[in-house]
J.: 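Encoded as structure tokens, here's the structure I'll be asking about.
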Amino acid sequence: MKPGDSFENEFVITQEVQNGFISLFRDENPLHMDHRFAREKGFEGVVMHGNILGGFLSYFIGECLPVKNIIIHSQEIKYVKPVYLDEVLLLKAEIKNIYESVNAIEFNFAFQKKINAIVVAKGKFQIGII
Amino acid sequence: MSMVNEIFIDVLENDAIALTYNSTASDIPEWDSLNHIALVVAIEKKFNIRFTAKEIQEFKNVGEMCDGIVLKLSKA
């Protein structure tokens with residue numbers, strides 16, 4: 001791997017995914033559950049939990065990168081646009097820096113809607129090769 | 001040394017850190033293995049340099065690392 005190399009994977013927040021998240025973490029805020037409430041607040045519908053994207057990112061780092069012997073050192077995510085049920089997201093990550101001295105690799109990433117390439121979340125993460 | 005000290009304070013979130021030439025990880029409780037990685041990455045970013053794993057392993061203390069930074073910058 002070298003700076004500039006990029007990797008991507010598709011994700012969808014299905015009802016099953018959202019139900020699983022709610023079942024595990026009990027965040028039943030009406031913005032995520034009540035369509036009427038969400039629309040009254042100016043959204044198209046119930047907004048998916050931002051940290052579901054964090055779960056997708058975990059899967060991506062653990063399962064989609066070409067190395068498996070890794071540990072996450074840090075990650076930052078900024079939510080830019082709301083994500084709604086069943087939207088197809090494309091996660092793209094690009095290597096920004098490699099620190100050979102400590103076996104660390106820094107990535108920039110963005111989740112974008114597959115249908116129109118609008119970025120819904122972006123950030124960076126650093127992994128270590130163990 | 002003062003710039004490296006600022007990096008240590010920032011990364012380790014300890015305003016009381018006052019590095020000397022002979023400072024080592026054993027002198028600073030927050031300097032564990034994961035923070036060691038964060039420190040090296042922060043230093044390499046700050047000075048826009050890259051160390052090898054061998055160079056990092058051979059530094060006996062903070063002072064030697066600062067000497068290594070100066071040497072890298074002089075060759076840039």
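In what follows, chains are A, B, ... by sequence order, proteins preceding strands, each numbered from 1. Just so it is clear, the structure is predicted and the values come from calculations on it, not from any experiment.
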J.: Evaluate side-chain contact (heavy atoms from CB on, under 4.5 Å) for Met1(B) paired with Val62(B), printing each intermediate quantity in order.
T.: CA-CA 8 Å; Met1(B) 180 74 81; Val62(B) 169; 3.8 Å; yes

J.: Please report the interatomic distance CD(Glu8(A)) to NZ(Lys114(A)), rounded to the nearest 0.5 Å.
T.: 9.5 Å

J.: Report the relative orientation of the aromatic rings in Phe60(A) and Phe125(A); use parallel for angles under 30°, tilted for 30 to 60°, perpendicular for over 60°.
T.: perpendicular

J.: Could you list each N or O donor-acceptor pair linking chain A to chain B at a distance under 3.5 Å?
T.:
unit_1: Asn97(A); atom_1: OD1; unit_2: Arg50(B); atom_2: NH2; d: 3.2
unit_1: Ile98(A); atom_1: O; unit_2: Arg50(B); atom_2: NE; d: 3.3
unit_1: Glu100(A); atom_1: OE1; unit_2: Ala53(B); atom_2: N; d: 3.2
unit_1: Ser101(A); atom_1: OG; unit_2: Glu44(B); atom_2: OE2; d: 2.5
unit_1: Glu106(A); atom_1: OE2; unit_2: Lys45(B); atom_2: NZ; d: 2.8

J.: Which of parallel (below 30°), tilted (30 to 60°) and perpendicular (above 60°) describes Phe111(A) and Phe109(A)?
T.: perpendicular

J.: Between Val12(A) and Leu89(A), does a side-chain contact (heavy atoms from CB on, under 4.5 Å) hold up when you go through it step by step?
T.: CA-CA 6 Å; Val12(A) 184; Leu89(A) 304 178; over 6 Å; no

J.: For Ile115(A), does the CD1 atom have more than 12 heavy-atom neighbours from other residues, nucleotides or ligands under 6.0 Å away?
T.: no

J.: Is atom CD of Glu40(A) surrounded by more than 12 heavy atoms (other residues, nucleotides or ligands) closer than 6.0 Å?
T.: yes

J.: Is Ile56(B) close to chain A through its backbone or its side chain, or both, or neither, when contacts mean heavy atoms under 4.5 Å?
T.: side chain

J.: So for Val40(B), is it side chain, backbone, both, or neither that comes closer than 4.5 Å to the heavy atoms of chain A?
T.: side chain

